Amino acid sequence: MKKIYRNVMAVMALALGALTTACSDWDDHYVADATMQGNANATLWENIQADSQLSQFATLLKKVGFDKNLNASQTFTVWAPLNGTFDFERLMQTANDTLLNEFVENHIARSNFPASGTVADKICLLNEKSMMFQGNGSYTMSDVAVATPNIASKNGVIHTLQGKLPFLPNIYESLNAVHYPIDSIANFFHHYDEKELRPGLSVEGPIVNGEITYLDSVFYENNDLFTRYGWNYINEEDSSYTMIVPTNDAWTKAYNSISKYFNYVSGYKFDDQSLANNDTTVTFDADYLRDSLVRKSMMSNLFYNNNLYDNKALKTFQQGERLMNDSLTSTYNDLSRYEGIIYNEDANDLFVGATRLERSNGAMWITDTLRQRPWNTFNPIIQVEGESSMTNVSVGYNNNIFVYTSDAQNPAVPGRLSRYGFVEVSNSAANPTFSVYLPEVLSTTYAIYAVFVPSNIINVYDTVPKPNLVNVQISYNTETGDLNGVRPNGARRLTSLARVTTDPTKIDTVFVSDFTFPMAYAGTGRYYPSLVFQGQATGKSYEYPIRLDCVILVPKELDTYIKEHPDYKFYRPNN
């Protein structure tokens with residue numbers, strides 16, 4: 001979220017600053033319209049101050065310092081609520097920043113908007129809210145009746161109202177704890193807020209107590225969290241978003257539940273499979289990494305652009321209804337792990353028990369439970385391609401490694417290669433052995449699958465392919481950071497998982513083993529655990545070279561759910 005915004009308070013110390021927005025970037029200073037008829041010798045502020053029916057409005061203007069703006073040369077239209085038509089005492093107790101944004105600037109627009117003849121104008125107010133000013137003879141502003149129109153002033157026009165104008169916050173403005181107990185997520189978001197005064201674009205006022213003051217202050221506003229993950233526009237009035245907002249209880253429950261997947265130690269040993277007995281010690285701030293990634297994980301799949309894909313159904317979606325579209329696509333740009341595609345069953349479950357709140361740029365759904373399945377958010381399937389030079393590492397000597405592309409696949413072989421191709425490892429002097437690193441693994445249980453390819457995948461003349469016999473081992477770290485619990489240097493720190501036999505008649509997905517990783521590796525860099533594959537040659541009945549398409553780590557909870565619900569539809573990466 002990057003934005004230029006302004007504060008048009010007449011006197012404001014540089015050190016204090018305050019927040020206000022405008023409908024567009026400020027390029028000039030809107031001089032008064034010389035053709036304006038009426039009380040040419042009185043400013044807007046002077047006319048308001050002189051009207052006894054506007055004394056409450058005048059008091060609130062003065063409270064936030066906006067009287068000076070209405071006394072200057074810039075041209076405004078003011079819709080001024082009459083005394084007794086709004087909760088004056090409550091507004092007097094409101095913090096100035098909130099009062100300025102939600103009340104004062106909610107009743108003022110730049111330039112002249114007279115009430116004459118037929119009017120049907122969509123007005124952009126100083127706080128960027130848009131309201132309809134309309135009528136013919138009698139007029140309303142956002143359905144609030146105009147009492148007296150066209151009070152002319154030398155720097156604008158005043159229309160008095162029979163009540164205050166409604167303020168409907170946008171999603172960003174609603175991230176506070178004023179009306180709902182959501183300060184946990186609000187504090188997380190606002191921690192990334194940045195504000196910077198742009199003196200070159202601001203109008204300087206007098207020096208007060210040795211400090212520069214500004215009659216019109218222009219700020220640069222940014223929130224790096226929003227821009228990083230594609231949530232830039234939740235503060236834009238002309239956008240349309242849906243946000244699922246956890247209450248404090250929901251936030252705490254989700255944090256505690258997700259934390260177990262991010263069990264880190266402050267230092268651990270990395271077993272480099274490409275170098276004999278060579279360990280690298282990796283160190284980092286475990287508590288900081290865990291807290292950061294848990295909070296980041298909680299954010300995934302909370303935002304939906306209502307103008308994209310099947311998300312359009314969210315514009316009118318109400319409590320108690322069911323989404324009939326196939327899927328939703330969340331606005332989350334960290335595509336290395338989270339694609340953000342949620343299919344129908346899970347999409348509907350997100351809104352169960354939640355309360356919809358209309359916002360000026362979409363809707364918020366307040367929920368006491370974040371009903372996000374782990375595999376749709378922070379714990380997806382991990383698929384590692386065998387042909388990737390970033391993941392496969394030769395172990396030992398005399399290995400021959402060849403990478404083949406999927407376009408060379410023999411059409412007579414059933415099945416489909418994932419992504420780009422497969423790797424073939426052979427060895428003229430020993431058992432072919434190679435390692436595959438497992439990126440971004442969490443401290444949870446995975447069902448580990450390996451997809452093997454038969455010898456006739458590219459050789460159409462190989463009519464009697466043989467199976468592989470493969471030992472699969474794993475190198476991982478324990479809760480203390482040691483490799484497989486072995487402290488001293490020495491032999492490879494590998495634990496056997498299984499000896500598998502492949503089916504040579506097809507591209508064969510083989511279940512290797514369930515395995516629970518005691519510690520998480522996500523976010524630690526490229527120092528990951530690894531699977532080691534070693535071909536076993538036992539006579540002429542087995543194929544010696546190993547051909548691997550990919551390794552698939554399926555979160556065990558998902559693996560179980562799929563088996564119990566064979567028709568379940570979910571997003572699978574790399575397919």
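In this text the structure is predicted, and so the values were computed from the model without any measurement. The chain is numbered in sequence order, starting from 1.
- Geometrically, Arg373 engages Tyr561 in a cation-pi contact, judged by NZ or CZ lying under 6.0 Å from the ring centre and within 45° of the ring axis.
- For the ring-ring contact (aromatic ring centres under 6.0 Å, His included) criterion with Tyr268, the lone passing option out of Tyr527, Tyr528, Tyr521 is Tyr521.
- A side-chain contact (heavy atoms from CB on, under 4.5 Å) with Ile234 is found for one member of Asn305, Asn170, Ile171 and no other, namely Ile171.
- In this structure, the side chains of Ile185 and Met298 stay at 4.5 Å or more apart for every pair of heavy atoms.
- Residue Gln319 comes nearest to Arg356 through the heavy atom pair OE1-N, 2.8 Å, listed as atom of the first residue, atom of the second, then distance.
- Contact of the Leu438 side chain with the Phe515 side chain is not registered, since no non-hydrogen atoms from C-beta on lie closer than 4.5 Å.
- A heavy-atom distance below 4.5 Å is found between the side chains of Leu442 and Phe262.
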* For the pair Asn311 and Asn307, evaluate side-chain hydrogen bond (donor to acceptor under 3.5 Å, both in side chains) and give the outcome as yes or no after the intermediate values. => CA-CA 7 Å; Asn311 296 355; Asn307 293 318; over 6 Å; no
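- Partner of Phe452 under the side-chain contact (heavy atoms from CB on, under 4.5 Å) criterion, out of Ile507, Val470, Asp503: Val470 alone.
- In this structure, Pro518 and Glu479 have side chains that are in contact, with non-hydrogen atoms separated by less than 4.5 Å.
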* Would you please test Phe317 and Trp365 for ring pair (Phe, Tyr, Trp, His ring centres under 6.0 Å) and show each step? => CA-CA 11 Å; Phe317 181 56; Trp365 290 77; 5.4 Å; yes
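- Inter-residue side-chain proximity for Glu173 and Asn235 is flagged as unmet; no heavy-atom pair is nearer than 4.5 Å.
- The main-chain N or O of Asn431 is found under 3.5 Å from a side-chain atom of Tyr544 such that the two form a donor-acceptor pair.
- Distance alone, capped at 3.5 Å, places no donor-acceptor pair between the Tyr172 side chain and the Pro169 backbone.
- A donor-acceptor pair under 3.5 Å links the side-chain atoms of Asn248 to the main chain of Ser184, judged by distance alone.
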* Determine, step by step, whether Asp287 and Arg290 satisfy the salt bridge (charged side-chain N to carboxylate O under 4.0 Å, His left out) criterion, reporting the C-alpha distance in whole Å, the side-chain angles of both residues, the deciding distance to 0.1 Å, and the verdict. => CA-CA 5 Å; Asp287 291 338; Arg290 181 187 193 190; 5.7 Å; no
* **Audit row: Phe434, Phe533, ring pair (Phe, Tyr, Trp, His ring centres under 6.0 Å) steps and yes/no** => CA-CA 6 Å; Phe434 70 102; Phe533 295 88; 5.5 Å; yes
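- Remark: of the listed residues Thr495, Asn477, Thr478, Asp271, Thr495 is the sole one forming a side chain to side chain donor-acceptor pair (under 3.5 Å) with Asn484.
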* To do: Evaluate side-chain hydrogen bond (donor to acceptor under 3.5 Å, both in side chains) for Asp326 paired with Tyr309, printing each intermediate quantity in order.
  => CA-CA 10 Å; Asp326 182 64; Tyr309 317 116; over 6 Å; no
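- In this structure, the side chains of Met243 and Phe303 come closer than 4.5 Å at one or more pairs of heavy atoms.
- Side chains of Asp285 and Tyr264: no donor on one and acceptor on the other come within 3.5 Å.
- Lys569 has no carboxylate O lying under 4.0 Å from a charged side-chain N of Glu345, or vice versa, which leaves the two without a salt bridge.
- Checked by atom type and distance alone, the side chain of Ser443 pairs as donor or acceptor with a backbone atom of Tyr261 at under 3.5 Å.
- At a threshold of 4.5 Å between non-hydrogen side-chain atoms, the residues Ile244 and Thr367 count as touching.
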